[in-house]
Number of protein chains: 2
Amino acid sequence: MPSNRKQHLVETALKLFYQEGFHSTGIDKILAASGVAKMTLYKHFPSKDDLIRAVLEERDKRFREWFFGRVEELGNGPQEKLVAVFDVLTEWIQGDDFRGCMFINAAAEFSSKNDAISQVASDHKVLMCEFLDGLVKDAGYSNPETLSYQLALLVEGAIVIGHVCGDKEAGAKAKEAALVLMAGA
Amino acid sequence: MPSNRKQHLVETALKLFYQEGFHSTGIDKILAASGVAKMTLYKHFPSKDDLIRAVLEERDKRFREWFFGRVEELGNGPQEKLVAVFDVLTEWIQGDDFRGCMFINAAAEFSSKNDAISQVASDHKVLMCEFLDGLVKDAGYSNPETLSYQLALLVEGAIVIGHVCGDKEAGAKAKEAALVLMAGA
DNA sequence: CACCAAATATACAGACCTGTCTGTTTAGCA
DNA sequence: TGCTAAACAGACAGGTCTGTATATTTGGTG
């Protein structure tokens, strides 16, 4: 095992940043939790910001992999997959470790002047929207961009209400709304 | 003028916390920007957390006052007011100083272990939902709770996408979706 | 075994942050 | 004018944070 230290650092930081936030999680806490030496961290990541960016990119990769994969598992046709999006969303929100969307949280913590981090957050949301857009197009709706954007609004709304208000039913309620919008489109 | 210092502190902190985040804004920055002495701050607020709570409570008060008032201005009947919600939302998102919802941002920055701050954020969202619920009931919809929750999802979704992706049209697009949901209810 | 690169422990610099302490100045009011 | 309470300036304590320097230990490979 060559340098799985780097991966291990990202892993640990991912968990801590998500659970406690970026500013609240100091480098030392990540080092203690991972059992890695400080010099090793700074060899792989020139600064904390670089580590944060790496963590966000990893999170984006994993989350989309999980989310998209789960949607494919649950839904058979394109129409069913579209509905499954909201079942997967519900699964996520109802999970014990749910603490909102890491990218929304990052955008909240880093003002827009931190372009690099804000950009990763924005990119993630764009990729999520594009996934929805693909499903809507596959399902053959007219005006697909309109519908997919509207479904994205519901997804983001459910994440926020699920997090801020702790409403575990936010995903299920978003699903109901989505069905209305899909029926009307 | 006796103790408008306290109010002035809240004012300055409100602006800085919203623009740059809570952790990124140090006490000293607030003092420098407001021209108030440190001892004065700590006389009125025992800790930074107390100041943050006071700021959030003030923000909640002002924001709802502005938002609700603006909705009343723009809409005549209950139905029109419901639509106006999304016009006011759009106004907000399109404003130059828009940096998302301060309560979503607070919830992101303070993990749920900080009960007091998370509670203020949750309370704010509940009050916003109740406002929507009142409008929906006035408009005479059946299943008002269902519709008002769905509209709330759209509102929160638009705030998030408007912030994270910088999409100034998020409010207008949420309005379209709202009209579909209202027509289907 | 010997070598070498990687990772380690640990101390430290320097910045910043919250919160306190001390003494001075201001401003309203009798 | 003189009293009083509030706000002031500014130094300081104590902690935490990021990032660096140094010297030691590990672990894989010839």
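Chain identifiers are assigned alphabetically (A, B, ...) following the order of the sequence lines, protein sequences preceding nucleic acid strands; residue numbering begins at 1 within each chain.
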Where the side chain of [X] is defined as all heavy atoms beyond and including C-beta, which of [options] is the nearest nucleotide?
X	options	result
B/Thr40	C/dA7, C/dG19, D/dA7	D/dA7
B/Ile27	C/dA9, C/dT18, D/dA7	C/dT18
A/Ala37	C/dT8, D/dA6, D/dA9	C/dT8

Integer-rounded Å distance: [N] [atom2] and [X] [atom1]:
X	N	atom1	atom2	result
B/Leu41	C/dG19	CG	C1'	10 Å
A/Arg5	D/dT26	CZ	C1'	10 Å
A/Leu51	D/dC17	CG	C1'	15 Å
B/His23	C/dC16	NE2	P	18 Å
B/Asp28	D/dA9	CG	P	13 Å
A/Lys48	D/dT16	NZ	C1'	11 Å
B/Lys6	D/dA6	NZ	C1'	15 Å
A/Asn4	D/dG28	CG	P	11 Å

- Task: Assess B/Arg59 against B/Tyr18: is NZ or CZ under 6.0 Å from the centre of the six-membered ring, and within 45 degrees of the ring's axis?
- Result: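 Because its charged atom sits under 6.0 Å from the ring centre and within 45° of the axis, B/Arg59 does stack over B/Tyr18.
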Under 3.5 Å, N/O pairs linking protein and nucleotides 20-25 of chain C:
none

- Query: According to the interplanar angle, ranging from 0 to 90°, do the rings of A/Phe98 and A/His163 count as parallel (below 30°), tilted (30 to 60°) or perpendicular (above 60°)?
  - Reply: perpendicular
With a 4.0 Å cut-off on N to O distance, would you call [X] and [Y] a salt bridge?
X	Y	value
A/Asp138	A/Lys81	no
B/Arg99	B/Glu20	no
A/Asp28	A/Lys38	yes
A/Lys173	A/Glu176	no

- Item | Full working for side-chain hydrogen bond (donor to acceptor under 3.5 Å, both in side chains) between A/Asp50 and A/Tyr42 | CA-CA 10 Å; A/Asp50 289 273; A/Tyr42 279 100; over 6 Å; no
